[in-house]
Amino acid sequence: MKSWMLLIGLLTLTVSGMTQAAGGPAIELEDAQNNLRDQDSLQRGAVLFSNYCMACHSVKYMRYNRIARDLGWSDEQVLQNMTFNQARAVDHVMTRMQAGVSTEILGTEPPDLSLMARLKGPDYIYTFLRAYQLDENGNWDNSVLKGTSMPNVLESFQRHSTPEDYAQAARDITNFLEYVGEPAKLERYDLGWKVILFLLVLLLLTYLLKREYWRDIKH
Ligand code: HEC
């Protein structure tokens, strides 16, 4: 009995040690406070993502027409806003970087971001985007992902905006990436209300029916 408990204890320790060793962020994550129901934020996030991230990153499981439908744009609008009319509505959202170029310049291939928000969570992305700092040699480093090969791509944006505006931009991009990670979430929210409404109507009808059935019966 005792040795069992010891074994379980050891296993728990190993597992928690492993999760910590598996590259947990070096600093406390900030709460992204993004809101998937905020369509304006999602639209801004999509445009920012196109302008600042698609030079290197893809979200290859998404198509432009799906984004259009979910974010309240027409096909023409999504292509105008995200591709300067350089793609078709049925195309997947691919990076503008040619294959191999990034490895040459940055030493690594930027990951596809389709599932990044599910993998690491929105708070991680939000904090990561706000964590670039100049080190003692005057080079940019990221306190969430130290020594990262991703340059501080939002530097000029940050320099030209107020801290609040920059926080909002990071939140909008995070929001967009969370949506991309699980597009059906938006539909589920929508469906949830309809289901509840349906159940309420059903409840009312059942109640009326019950009254009808019992009307002539003394009880
Ligand atoms: C110049 C190319 C480039 C641009 C532009 C760029 N990234 Fe990256 N990004 C990278 C590279 C390279 C990596 C891999 C970094 C590493 O492993 O050190 C990366 C990694 C990431 C990661 C994963 C971090 C992790 O923990 O593994 C996220 C999230 C990310 N980028 C988000 C963004 C967002 C959002 C934008 C737009 C605001 C953006 N990137 C723009 C090159 C880029």
Side-chain angles (χ1 to χ4, degrees), residues 18-36 38 41-62 64 67 71 81-84 86-87 92-135 139-183:
M18 266 162 31
T19 39
Q20 267 165 25
I27 60 168
E28 188 116 335
L29 297 182
E30 297 173 272
D31 183 358
Q33 293 182 322
N34 61 311
N35 177 2
L36 285 174
D38 184 346
S41 160
L42 288 172
Q43 290 184 352
R44 287 193 304 266
V47 173
L48 286 166
F49 182 77
S50 160
N51 288 343
Y52 290 97
C53 317
M54 272 168 63
C56 297
H57 292 286
S58 54
V59 284
K60 62 182 178 193
Y61 298 119
M62 285 302 273
Y64 290 108
I67 296 180
L71 268 55
N81 294 338
M82 291 189 72
T83 77
F84 311 105
Q86 295 298 307
H92 292 264
V93 181
M94 303 307 285
T95 168
R96 299 194 189 100
M97 175 88 77
Q98 275 175 0
V101 174
S102 170
T103 322
E104 236 168 73
I105 302 173
L106 302 168
T108 173
E109 210 54 39
D112 178 80
L113 296 183
S114 306
L115 298 173
M116 192 56 80
R118 279 171 78 174
L119 185 69
K120 305 231 171 175
D123 292 352
Y124 178 89
I125 295 180
Y126 177 73
T127 313
F128 173 66
L129 291 176
R130 289 160 49 78
Y132 280 92
Q133 283 153 2
L134 284 172
D135 64 15
N139 297 321
W140 287 108
D141 198 7
N142 191 299
S143 51
V144 173
L145 193 64
K146 284 226 184 309
T148 177
S149 43
M150 172 166 144
N152 184 9
V153 293
L154 289 168
E155 183 198 349
S156 75
F157 183 96
Q158 187 167 17
R159 207 159 359 102
H160 292 111
S161 48
T162 62
E164 294 75 35
D165 287 350
Y166 185 69
Q168 187 59 45
R171 184 172 302 123
D172 293 341
I173 296 174
T174 304
N175 210 17
F176 176 69
L177 285 177
E178 185 180 358
Y179 148 71
V180 163
E182 209 181 342

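Quick note: numbers below take in every heavy atom, side chains included, and nothing from hydrogens, waters or symmetry partners. Note that ligands are numbered from 1 as they come in the structure, with each ligand's atoms numbered from 1 the same way.
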Practice task
Verify, without hydrogens or angle tests, whether S41 (side chain) and L36 (backbone) share a donor-acceptor contact under 3.5 angstrom.
Solution key: no
Exercise for the section: Check for a donor-acceptor pair, side chain of R44 on one end and backbone N or O of D172 on the other, with a separation under 3.5 Å. Expected result: no
Taking non-hydrogen atoms only, is [X] closer than 4.0 angstrom to ligand 1 via side chain, backbone, both or neither?
X	value
S102	neither
L129	side chain
Y124	side chain
H57	side chain
L113	side chain
L106	side chain

Practice task
Using only heavy-atom distances, determine whether the side chains of S50 and R96 contain a donor-acceptor pair under 3.5 Å.
Solution key: yes
Problem - Sub-4.5 Å side-chain heavy-atom contact between V180 and M62 - result: yes
Exercise for the section: Would you check if L177 and Y126 make a side-chain contact, meaning some heavy-atom pair closer than 4.5 Å? Expected result: no
Problem - Contact check, K120 vs ligand 1, heavy-atom distance below 4.0 Å - result: yes
Give me the residue, atom name and distance of the protein heavy atom closest to [atom].
atom	result
atom 22 (C) of ligand 1	F128 CE2, 3.8 Å
atom 17 (O) of ligand 1	S149 OG, 4.3 Å
atom 24 (C) of ligand 1	L145 CD2, 3.8 Å
atom 37 (C) of ligand 1	C53 SG, 1.8 Å

Should one rank [options] by closest heavy-atom distance to [atom], which comes out on top?
atom	options	value
atom 16 (C) of ligand 1	T103, D112, L48, T148	T148
atom 10 (C) of ligand 1	M97, R96, M150	M150
atom 23 (C) of ligand 1	E109, M116, K146	M116
atom 2 (C) of ligand 1	C56, P111, A55	C56
atom 5 (C) of ligand 1	L177, T108, V153, I105	V153

Return the orientation label for the [X] and [Y] ring planes: parallel under 30°, perpendicular over 60°, tilted otherwise.
X	Y	result
Y166	F157	tilted
F128	Y124	parallel
F49	F176	tilted

Handout entry: Test side chain to side chain contact (heavy atoms under 4.5 Å, CB included) applied to H92 and Y61, step by step
Key = CA-CA 7 Å; H92 292 264; Y61 298 119; 5.9 Å; no
Problem - Rounded distance (nearest 0.5 Å) linking atom CZ of R171 with atom CD1 of I125 - result: 14.0 Å
Completion exercise
To the nearest 0.5 Å, atom CE of M94 lies from atom OG of S58 at 5.0 Å
Exercise for the section: Would you mind listing which atoms of ligand 1 come within a distance below 4.0 Å of any non-hydrogen atom of P151? Expected result: 1 (C)
